[in-house]
There are 2 protein chains.
Amino acid sequence: MLRISKLTDYATVVLAVLAEDAAAPHSAAQLADATHIALPTVSKVLKALQRGGLVASTRGARGGYQLARPAANISAVDVIDAMEGPVGLTECVTHPGSCDLEATCRSGDAWQRVNLAIRRALQDVTLLELTGRTTTGEARAVTAGQTAAEFAAALRAGTLRARTIEGGVQ
Amino acid sequence: MLRISKLTDYATVVLAVLAEDAAAPHSAAQLADATHIALPTVSKVLKALQRGGLVASTRGARGGYQLARPAANISAVDVIDAMEGPVGLTECVTHPGSCDLEATCRSGDAWQRVNLAIRRALQDVTLLELTGRTTTGEARAVTAGQTAAEFAAALRAGTLRARTIEGGVQ
DNA sequence: GCTAACAGGACTAAACTAGTCCTGTATTTT
DNA sequence: AAAATACAGGACTAGTTTAGTCCTGTTAGC
């Protein structure tokens with residue numbers, strides 16, 4: 001289900017490196033080296049992040065890229081929006097009128113609500129958490145009875161460990 | 001950002017019709033007629049839903065499709081999983097080892113957590129809500145300060161209206 | 001003025017999506 | 001038994017998207 005593009009994934013890896021040493025600018029070549037992603041690709045990612053306002057660039061010799069603001073103020077939504085554009089879950093979210101079914105379709109509203117729910121969830125995950133440096137909490141099993149609200153709180157607190165996902169939630 | 005496929009969207013429209021009259025089986029042709037989606041496409045969608053266990057089929061004359069269980073017990077995740085497979089947000093969620101960066105990449109964990117957060121959010125939206133029949137609540141503006149937890153509660157209660165999304169959450 | 005480094009866009013190959021169609025099988029009706 | 005209805009499964013095509021590369025221009029430092 002629901003996939004983010006590979007480039008978006010790369011973006012978080014690159015941003016993680018930038019977050020680690022936020023003081024100095026890093027050239028695309030340096031970042032390519034640090035992340036083991038091909039230079040042209042890193043370059044493409046950085047340009048998108050720059051346009052999205054997540055990194056600041058300085059040209060010329062000794063130039064490079066830096067985070068535009070503290071890692072704690074950059075959320076997963078920001079990264080996805082910068083890399084993939086503010087596209088919605090369905091066509092009708094972003095381009096009303098483009099779907100022939102709008103008259104008969106009664107589920108459009110709902111997808112928009114789901115869309116918002118997802119954005120909210122993504123907004124609560126900061127780059128700081130994406131880099132893994134705040135996940136020091138105890139591993140905690142996800143029980144079937146846990147509500148979304150509890151989960152969101154746990155996610156924010158960093159008490160969930162990834163491996164509990166495997167095999168699916170259902 | 002994050003898109004569901006058109007077919008998944010169709011699936012909810014088709015399921016909505018099935019939910020409306022859960023007693024009798026509906027043929028693919030009937031459903032195509034009711035939804036204004038082309039027959040071969042409806043057919044494809046229904047086959048996927050059948051494999052996913054969301055609808056039950058009966059062959060032969062007077063056969064057709066019915067919901068396999070009450071609409072309240074079918075969530076958005078179920079629909080997405082049935083239509084698009086249990087693919088994760090990133091490659092490494094579903095196919096560990098397929099990514100060259102796993103050694104250096106420290107954000108994999110986090111995407112998996114985000115993935116889980118999204119699954120949770122989607123799990124709390126039932127087909128009943130997707131059909132729009134439970135969204136009778138008062139429209140309510142989404143303020144910037146609203147937490148994910150509050151949002152999830154509001155979503156469940158159906159007090160959020162879709163149009164509040166437009167222009168983005170940020 | 002030479003070199004380092006970003007900016008912007010063009011381009012290609014591969015993968016995925018949407019949509020259609022065909023052949024087969026099960027069930028009911030006549 | 002035959003005919004009609006309806007699902008099952010898979011093959012196939014066209015179009016779009018994604019990933020990745022490359023080239024040309026511009027800006028800043030030494």
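Computed over heavy atoms, backbone and side chain alike; hydrogens, waters and symmetry mates excluded. Chain letters run A, B, ... following the sequence lines, proteins first, then strands; residues in each count from 1. Please read all numbers here as calculations on a predicted model, not as lab measurements.
Note on B/Asp78 versus B/Arg69: salt bridge recorded, some NZ/NE/NH1/NH2 to OD/OE distance being below 4.0 Å. Between A/Asp81 and A/Arg119 there is a salt bridge, with a side-chain nitrogen of the basic residue lying less than 4.0 Å from a carboxylate oxygen of the acidic one.
At distances below 3.5 Å, not a single donor-acceptor pair connects side-chain atoms of B/Gln123 with backbone N or O atoms of B/Ala76. For the pair A/His26 (side chain) and A/Val14 (backbone), a donor-acceptor distance under 3.5 Å is absent. Judged purely by atom type and a 3.5 angstrom limit, B/Gln66 has no side-chain atom pairing as donor or acceptor with the backbone of B/Leu18. Here the side chain of A/Thr35 pairs a donor or acceptor atom with the backbone of A/Leu31 at under 3.5 angstrom.
The distance between atom NZ of A/Lys47 and atom C1' of D/dA19, rounded to the nearest whole Å, is 14 Å. Atom-to-atom, CG of A/Leu46 to C1' of C/dA5 comes out at 12 Å; the value is rounded to the nearest Å. Taking atom NZ of B/Lys6 as the reference point, atom P of D/dT16 lies 10 Å away to the nearest angstrom. The CE atom of B/Met83 sits 11 Å away from the P atom of C/dG19 (whole-angstrom rounding). Protein atom OH of B/Tyr65 is 14 Å distant from nucleotide atom C1' of C/dT27, rounded to whole Å. As rounded to whole Å, 11 Å separates atom C1' of C/dT17 from atom OH of B/Tyr10. With rounding to whole Å, A/Asp9 atom CG is found 15 Å from D/dT18 atom P. In this entry the distance linking CG of B/Leu39 with C1' of C/dA18 reads 15 Å, nearest Å.
For the OP1/OP2 pair of D/dT18 and a distance below 4.0 Å, the side-chain nitrogens and oxygens of B/Arg3 include at least one atom meeting the criterion.
Contact of the A/Val17 side chain with the A/Gln30 side chain is not registered, since no non-hydrogen atoms from C-beta on lie closer than 4.5 Å.
Within a heavy-atom distance below 4.0 Å of DNA chain C, the residues of residues 23-31 of chain A found are A/His26, A/Ser27, A/Ala28. Annotation: proximity of residues 52-64 of chain B to DNA chain C (heavy atom, distance under 4.0 Å) is found for B/Arg59, B/Gly60, B/Ala61, B/Arg62, numbered in ascending order.
Each of D/dA19, C/dT20, C/dT17 was ranked by its minimum atom distance to the side chain of A/Ser5; first place goes to D/dA19.
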Below 3.5 Å between N/O atoms, which protein atoms pair up with nucleotides 11-13 of chain C? Just atom names and distances, please.
none

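Taking every heavy atom of both residues into account, A/Leu54 and A/Ala82 meet most closely at CD1-CB, 4.1 Å. Closest approach of B/Val42 and B/Ala32 over heavy atoms only: CG2-CA, 3.7 Å. A pairwise comparison of heavy atoms in A/Val79 and A/Ala11 identifies CG1-CB, 4.0 Å as the closest pair. When all heavy atoms are compared, the tightest approach of A/Ala72 to A/Thr126 is O-CG2, 3.4 Å.
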